[in-house]
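Heads up, the thing below is written out as structure tokens.
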Amino acid sequence: MLIGQLLSYSAMIEDKNVTWMPSYGPEMRGGTANCSVVIDDIPIGSPVVDKPTEVIAMNIPSLLKFENDIIPNGILVLNTSVIDREPVRKDLKIIKVDANKIADELGNLKTANMVVMGAYIEASGAVSLENVKKALEKKLTGSKADLIDINIQALKKGMEAAREQLA
């Protein structure tokens with residue numbers, strides 16, 4: 001959810017049109033959750049996404065649920081720390097990131113989502129790192145402000161991981 005919120009905030013900073021729609025599984029706490037983010041230069045008619053251009057899969061249930069929906073030649077970013085299987089589709093740009101390992105090396109396992117987000121923004125170009133930094137500053141306030149620097153480091157590591165695969 002944080003990735004979706006930060007993408008949305010970053011896109012708004014860039015004066016783009018945005019929708020963010022969270023979806024929680026019936027289990028709520030501890031269950032699967034996802035969100036749809038639509039970013040465009042033109043007004044958005046609906047926040048509903050049937051055929052996403054990109055998907056970030058943080059776990060196996062997300063890979064299984066969303067892989068088949070991605071448009072051909074779309075982007076699939078995988079957290080390979082948790083996803084131990086290969087995607088079925090061969091017509092996608094697949095970015096694999098060992099996000100938990102990278103986050104652990106940074107000293108904060110909770111930044112794994114920012115590692116994956118960094119890989120996503122490098123692969124998609126959806127928003128700029130500079131505007132994600134601004135969004136982090138808006139989102140992480142008070143006692144959480146101390147986490148901004150480590151999250152930016154995690155974003156940069158994710159971008160590096162994706163850049164190596166895209167080269």
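Distance alone, capped at 3.5 Å, is enough to place a donor-acceptor pair between the N17 side chain and the D41 backbone. Under the 3.5 Å distance criterion, the side-chain polar atoms of E67 are matched with a main-chain donor or acceptor of R89. A donor-acceptor pair is defined here as one N or O able to donate and one able to accept, closer than 3.5 Å; no such pair exists between the side chain of S23 and the backbone of C35. A donor-acceptor distance shorter than 3.5 angstrom exists from the side chain of S8 to the backbone of G4, with no hydrogens or angles considered. Looking at K16, its side chain does come within 3.5 Å of a backbone N or O of A126 through a donor-acceptor pair.
The shortest side-chain heavy-atom distance between L147 and N108 falls under the 4.5 Å cut-off. Within the 4.5 Å cutoff, the side chain of I150 has heavy atoms near those of the L106 side chain. Residues T111 and L109 fail the side-chain proximity criterion, which asks for heavy atoms closer than 4.5 Å. V115 places a side-chain heavy atom less than 4.5 Å from the side chain of V97. The shortest side-chain heavy-atom distance between V38 and V18 does not fall under the 4.5 Å cut-off. Put simply, the side chain of K93 does not reach to within 4.5 Å of the side chain of N73, judged on heavy atoms. In this structure, L166 and I95 have side chains that are in contact, with non-hydrogen atoms separated by less than 4.5 Å. Contact annotation: the side chain of P61 never approaches that of L64 to less than 4.5 Å [non-hydrogen atoms, C-beta and beyond].
Side-chain polar atoms of S81 and D98 form a donor-acceptor pair below 3.5 angstrom. N131 and S128 are linked by a side-chain donor-acceptor pair at a separation below 3.5 angstrom, with hydrogens and angles left out of the test. Side-chain contact, N79 with N59: no donor N or O sits under 3.5 Å from an acceptor N or O.
One hydrophobic cluster, built from ILVMFWY side chains closer than 4.5 Å, cannot hold both W20 and V55; they sit in different ones. Under the 4.5 Å side-chain heavy-atom criterion for grouping Ile, Leu, Val, Met, Phe, Trp and Tyr, I102 is not connected to I94 through any hydrophobic cluster. Hydrophobic clustering of Ile, Leu, Val, Met, Phe, Trp and Tyr side chains at less than 4.5 Å, counting indirect connections, keeps M58 apart from M21. The hydrophobic clustering, which links ILVMFWY residues whose side-chain heavy atoms are closer than 4.5 Å, places I39 and I13 apart. V49 and L7 fall into different hydrophobic clusters, where Ile, Leu, Val, Met, Phe, Trp and Tyr side chains are chained together by heavy-atom contacts under 4.5 Å.
Counting all heavy atoms, side chain and backbone alike, A11 lies closest to V127 at N-CG1, 3.8 Å. Looking at every heavy atom in both residues, A103 comes nearest to A112 through CB-N, 3.5 Å. Residues A123 and I75 come closest through the heavy atom pair O-CD1, 3.5 Å. The shortest heavy-atom contact between N34 and M1 is O-CE, 3.0 Å. Contact record, M114 with L136: SD-CD2, 4.5 Å, taken as the closest heavy-atom pair. For V132 against I121, the heavy-atom pair with the smallest separation is CG2-CD1, 4.2 Å.
Comment: R163 engages E122 in a salt bridge, judged by a side-chain N to carboxylate O separation of less than 4.0 angstrom. Between E86 and K96, at least one side-chain N (NZ, or NE/NH1/NH2) sits under 4.0 Å from a carboxylate O, which counts as a salt bridge.
Separation of atoms CG (L129) and OG (S10) is listed at 9.0 Å; rounding is to 0.5 Å. Atom CG of D69 is separated from atom CD1 of I71 by 12.0 Å, given to the nearest 0.5 angstrom. Note that CE of M117 and CG of L2 are 7.5 Å apart. Values are rounded to the nearest 0.5 Å. Going from atom CG of L78 over to atom CD1 of I56 covers 10.5 Å, rounded to the nearest 0.5 Å. With values rounded to the nearest 0.5 angstrom, D149 atom CG is found 9.5 Å from K133 atom NZ. Rounding to the nearest 0.5 Å gives a distance of 10.5 Å between CG of L76 and CG of D91.
Environment of NZ in K156: sparse, with no more than 12 heavy atoms of neighbouring residues, nucleotides or ligands closer than 6.0 Å.
Annotation: side chain to side chain donor-acceptor pair (under 3.5 Å) contacts involving residues 43-55, sequence neighbours excluded, comprise E54-Y120.
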